[in-house]
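A quick note: this is a predicted structure, and the numbers were derived from the prediction, not measured.
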Amino acid sequence: VQLQAFGGGVVQAGGSLRLSCADSGRTFSAYVMGWFRQAPGKEREFVAAITSGARTLYQDSVKGRFTIFRVNAKNTVCLQMASLKPEDTAVYYCAASSSGFSRLISEYNYWGQGTLVTVSS
């Protein structure tokens, strides 16, 4: 599994952005895929996860604003973000888990390099 996240940028509060994460490996559909984020000076935190069968899990603060989806045929997982807030500013990471459907960082085996999202007020 080799993950490459992209799509970050600067957006005004209330705006939208879509992050994508491509996996160059051959077993993408076997993994739970997750998005995490790390704001300056804070610990990395769970944002959303999706199983191969499209079951989803979200952090409470992003429910109703963010949507995670995947296209297994394209080895891609996306995070559609809407109604962005300044507190959503962070480096966003995609990750893959072979061990289960979880919010826990420790359950994710593979990580992408991160993409920066900045939400201006």
Side-chain angles (χ1 to χ4, degrees):
V1 176
Q2 292 183 316
L3 303 174
Q4 178 79 23
F6 52 95
V10 179
V11 61
Q12 288 189 331
S16 299
L17 203 61
R18 177 180 291 185
L19 305 182
S20 298
C21 176
D23 174 20
S24 61
R26 300 180 184 179
T27 57
F28 176 80
S29 63
Y31 291 87
V32 169
M33 299 301 298
W35 285 96
F36 293 78
R37 66 187 181 186
Q38 187 165 15
K42 296 187 177 181
E43 294 186 352
R44 193 171 299 189
E45 64 177 6
F46 170 79
V47 176
I50 186 168
T51 66
S52 180
R55 183 180 170 198
T56 58
L57 186 64
Y58 293 94
Q59 182 199 110
D60 286 347
S61 69
V62 307
K63 282 182 182 177
R65 300 189 298 121
F66 291 11
T67 302
I68 187 172
F69 63 94
R70 65 193 292 166
V71 183
N72 288 334
K74 295 187 177 181
N75 285 12
T76 299
V77 60
C78 297
L79 185 69
Q80 180 68 47
M81 305 184 293
S83 301
L84 283 161
K85 304 175 181 180
E87 51 264 43
D88 295 317
T89 294
V91 176
Y92 284 71
Y93 299 89
C94 63
S97 172
S98 60
S99 55
F101 188 39
S102 174
R103 302 171 182 266
L104 299 178
I105 293 173
S106 58
E107 294 291 318
Y108 289 79
N109 317 78
Y110 304 96
W111 292 82
Q113 85 290 359
T115 185
L116 176 62
V117 173
T118 302
V119 183
S120 61
S121 57

Practice item. Name the orientation class of the two ring planes belonging to W111 and F36 (parallel below 30°, tilted from 30 to 60°, perpendicular beyond 60°). Key: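 Judged by the thresholds at 30° and 60°, the geometry between W111 and F36 is tilted.
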Between [X] and [Y], is any pair of side-chain heavy atoms under 4.5 Å apart?
X   : Y   : result
F66 : W35 : no
S52 : N72 : yes
L17 : L84 : yes

Check your understanding: In this structure, which one of V77, T115, V47 forms a side-chain contact (heavy atoms from CB on, under 4.5 Å) with L19?
Key ->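 Exactly one candidate clears the test, T115.
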Practice item. Would you sort out whether L3 and M33 count as a side chain to side chain contact (heavy atoms under 4.5 Å, CB included), showing the intermediate values? Key: CA-CA 10 Å; L3 303 174; M33 299 301 298; 3.9 Å; yes
Is a side-chain donor or acceptor of [X] paired with a backbone partner of [Y] at a separation under 3.5 angstrom?
X    : Y    : result
Y108 : S102 : yes
Q113 : A5   : yes
T67  : Q80  : no
T89  : V119 : yes

Practice item. Provide the full list of salt bridge (Lys or Arg N to Asp or Glu O under 4.0 Å) pairs with a residue in residues 68-85, sequence neighbours left out, each pair given once. Key: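 Passing the test, one end in residues 68-85: no pairs.
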Review point. Looking at Y93, is R44 sitting on its ring face, NZ or CZ under 6.0 Å from the six-membered ring centre and within 45 degrees of the normal?
Key: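 Yes, cation above the ring, under 6.0 Å and within 45°.
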Exercise for review: Name all residues meeting the side-chain contact (heavy atoms from CB on, under 4.5 Å) criterion together with N75; count only those two or more places apart in sequence or in a different chain, and write none if there are none.
Suggested key: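 Listed in chain order: D23, F28.
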Review point. Does the pair C94/C21 show an SG-SG distance of less than 2.5 angstrom?
Key: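 Between C21 and C94 there is a disulfide, given that their SG atoms are under 2.5 Å apart.
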Review point. Quick one: salt bridge (charged side-chain N to carboxylate O under 4.0 Å, His left out) partners of R65, sequence neighbours excluded?
Key: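 Partners of R65 under the salt bridge (charged side-chain N to carboxylate O under 4.0 Å, His left out) test: D88.
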